[in-house]
A.B. asks: 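Structure incoming, see below.
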Amino acid sequence: MSEENKTPLLEVKDLKKWFPAKSSPFSKEKVFIKAVDGVSFTLNAGETLGVVGESGCGKSTMGRSVLRLLEPTDGQVLFEGKDYTALKSSELAKSRSDLQIIFQDPYASLDPRMTIGDIIGEPLDIQLKLPTKERMERVLKTMERVGLNTRYVNRYPHEFSGGQRQRIGIARAIVLGPKLMVCDEPVSALDVSVQAQVLNLLMDLQKDMAYIFISHDLSVIKHISDRIMVMYLGHVVELADKDDLYKRTMHPYTTALLSAIPVPDRKHKKEKIVLEGDLPSPANPPSGCVFHTRCYKAQEICKTQVPELRDCGNGHCCACHFPENQPE
């Protein structure tokens with residue numbers, strides 16, 4: 001992990017991604033769905049940042065906006081100190097070898113008309129244009145690395161199970177040796193036993209690259225992450241080292257998420273916090289703190305004033321007017 005005085009591998013500053021939405025035919029006011037609304041964080045080389053939150057909180061949109069698979073509405077993404085959001089199309093294409101993504105759905109993310117050898121080798125064709133023999137050697141070596149039998153190189157995606165397809169997707173993502181990988185819920189579509197296999201594979205690859213690991217499963221996030229970032233309605237509400245976050249949760253939303261984790265031991269069963277109401281629409285987010293409509297600690301100030309994401313001690317950041325478990 002990089003030292004504090006070194007430039008982070010990735011620095012995201014006030015990232016926003018707003019989607020235009022249909023407004024009333026009688027209104028001239030433009031309406032936007034604020035999927036990501038002012039997200040900031042840093043990521044060091046070799047570090048894994050877990051991103052967690054409810055469905056619809058903006059996790060996947062944030063990850064894709066960082067990679068410019070979706071063009072950010074505003075904000076800045078610095079990769080190795082360079083402004084990634086300012087790159088022109090030709091420069092952006094060259095930089096793709098350093099930043100890759102593993103998609104959530106192992107069925108939809110693979111072209112059914114291509115053999116897995118061609119799927120894994122396609123990034124090599126675009127970026128390196130290797131000789132045929134060297135390209136095949138690289139493909140077979142990558143297949144071995146992710147636990148795929150090299151005899152299957154000429155088979156098609158429909159001939160593989162979900163877990164095997166996700167390994168193909170991982171092989172395609174790592175074949176160029178990226179420095180940063182966005183893992184967009186890479187195990188959520190898999191059976192539990194297969195999840196463990198794919199997670200172990202991703203952990204084996206951790207030493208070679210940094211991860212932004214997106215998931216709604218807090219137990220998976222804790223298993224693989226160094227730090228955890230909690231998102232709610234397009235905002236970061238808490239960011240901390242994983243051990244510190246689980247030990248002294250500060251934001252009420254994070255506390256509610258942790259209380260929902262199943263505990264196998266009945267003697268240590270925790271009281272489950274049930275949040276009232278539904279997730280507000282990102283097209284019309286609440287004023288002040290976006291969580292105040294469902295928060296059990298909300299007071300008048302929460303309805304009018306947006307809380308800043310501030311360091312509450314030991315690098316534990318929280319966006320709450322009344323954070324819990326603060327250090328003395």
Side-chain angles (χ1 to χ4, degrees), residues 10-23 29-43 49-78 84-85 101 104 182-185 188 212-218 221 225 227-240 245 249-257 275-295 297-298 301-310 317-321 323:
L10 180 74
E11 191 171 2
V12 177
K13 298 180 179 180
D14 199 28
L15 183 68
K16 297 180 181 179
K17 180 57 184 177
W18 295 3
F19 296 96
K22 290 184 178 180
S23 57
E29 184 180 355
K30 291 185 178 180
V31 177
F32 294 93
I33 297 174
K34 300 177 180 179
V36 179
D37 197 17
V39 169
S40 300
F41 63 91
T42 60
L43 183 68
L49 176 69
V51 183
V52 71
E54 289 175 283
S55 296
C57 73
K59 306 185 299 296
S60 295
T61 302
M62 180 276 297
R64 295 182 184 216
S65 298
V66 166
L67 298 183
R68 284 185 64 184
L69 296 179
L70 295 171
E71 284 295 334
T73 304
D74 198 5
Q76 196 175 32
V77 177
L78 301 177
Y84 194 70
T85 47
I101 184 170
Q104 177 179 359
V182 173
C183 304
D184 186 9
E185 305 219 28
S188 63
I212 297 176
F213 194 96
I214 298 167
S215 179
H216 61 271
D217 190 331
L218 273 160
I221 285 286
S225 304
R227 287 186 300 143
I228 297 175
M229 184 170 79
V230 183
M231 288 186 66
Y232 181 83
L233 211 65
H235 295 257
V236 178
V237 297
E238 192 161 2
L239 175 62
L245 183 107
T249 305
M250 290 187 178
H251 199 281
Y253 177 62
T254 312
T255 303
L257 288 180
L275 298 176
E276 297 182 0
D278 297 323
L279 188 73
S281 169
N284 186 27
S287 60
C289 175
V290 290
F291 185 60
H292 85 260
T293 57
R294 305 173 72 193
C295 183
K297 295 184 68 176
I301 189 175
C302 304
K303 301 177 183 179
T304 57
Q305 188 172 323
V306 180
E308 293 183 6
L309 184 69
R310 58 187 178 87
C317 301
C318 179
C320 182
H321 293 298

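The first residue in the sequence is number 1, and the count goes up from there.
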A.B. asks: Can you measure from SG (Cys289) to CZ (Arg294) and round to the nearest 0.5 angstrom?
C.D. replies: 12.0 Å
A.B. asks: When rounded to the nearest 0.5 angstrom, what is the spacing between CG in Leu78 and OG1 in Thr42?
C.D. replies: 11.0 Å
A.B. asks: Identify, with sequence neighbours excluded, every residue that meets side chain to side chain contact (heavy atoms under 4.5 Å, CB included) alongside Cys57.
C.D. replies: Lys59, Met231
A.B. asks: Show the nearest heavy-atom pair for residues Gly58 and Val36, with the distance to one decimal.
C.D. replies: O-CG2, 3.6 Å
A.B. asks: How long is the span from the CG atom in Leu257 to the CD atom in Glu54, to the nearest 0.5 Å?
C.D. replies: 6.5 Å
A.B. asks: Just so I know, are the side chains of Arg310 and Pro323 near enough to count as touching, which here means a heavy-atom distance under 4.5 Å?
C.D. replies: yes
A.B. asks: Taking all atoms of both residues into account, what is the closest heavy-atom pair of Thr85 and Arg68, and its distance?
C.D. replies: O-NH1, 3.4 Å
A.B. asks: Might you point out which heavy atoms bring Leu245 and Thr249 nearest each other, and give the distance in Å?
C.D. replies: O-OG1, 2.9 Å
A.B. asks: Tell me, please, which residues at least two apart from Asp74 pass side chain to side chain contact (heavy atoms under 4.5 Å, CB included).
C.D. replies: Lys16
A.B. asks: Is the distance between the ring centroids of His251 and Phe291 less than 6.0 Å?
C.D. replies: yes
A.B. asks: Out of curiosity, Glu308 CD to Cys318 SG, how far, rounded to the nearest 0.5 Å?
C.D. replies: 12.5 Å
A.B. asks: Which heavy-atom pair separates Val290 from Leu233 by the least distance, and what is that distance?
C.D. replies: CB-CD2, 4.0 Å
A.B. asks: With no hydrogens and no angle check, is any side-chain donor or acceptor of Ser40 less than 3.5 Å from a backbone partner on Asp14?
C.D. replies: yes
A.B. asks: Table please: side-chain donor-acceptor pairs of residues 60-67 below 3.5 Å, with sequence neighbours left out.
C.D. replies:
residue	atom	partner	partner atom	Å
Ser60	OG	Asp184	OD1	2.7
Ser60	OG	Asp184	OD2	3.3
Ser65	OG	Thr61	O	2.7

A.B. asks: Would one find more than 12 heavy atoms of other residues, nucleotides or ligands at under 6.0 Å from atom CD of Glu71?
C.D. replies: yes
A.B. asks: Working to the nearest 0.5 Å, report the span between NZ of Lys13 and CD of Gln76.
C.D. replies: 5.0 Å
A.B. asks: Applying the side-chain contact (heavy atoms from CB on, under 4.5 Å) criterion to Leu239, which one of Leu49, Val230, Ile228 satisfies it?
C.D. replies: Leu49
A.B. asks: Heavy-atom distance under 4.5 Å between the side chains of Asp37 and Phe32, does that happen here?
C.D. replies: no
A.B. asks: Please report the interatomic distance CG(Leu309) to CD(Glu238), rounded to the nearest 0.5 Å.
C.D. replies: 9.0 Å
A.B. asks: For the residue pair Ser188 and His216, what are the closest heavy atoms and their distance?
C.D. replies: CB-CE1, 3.9 Å
A.B. asks: Kindly give the heavy-atom pair with the smallest separation between Val31 and Ala283, and that separation in Å.
C.D. replies: CG1-CB, 4.3 Å
A.B. asks: If you apply the rule side chain to side chain contact (heavy atoms under 4.5 Å, CB included), what do you find for Leu10 with Phe41, and how did you get there?
C.D. replies: CA-CA 8 Å; Leu10 180 74; Phe41 63 91; 4.0 Å; yes
A.B. asks: Quick check: does any side chain N or O of Ser287 sit under 3.5 Å from a backbone N or O of Lys303, one acting as donor and the other as acceptor?
C.D. replies: yes
A.B. asks: Applying side chain to side chain contact (heavy atoms under 4.5 Å, CB included) to Met229 and Val39, what does each step give before you reach the verdict?
C.D. replies: CA-CA 10 Å; Met229 184 170 79; Val39 169; 4.3 Å; yes
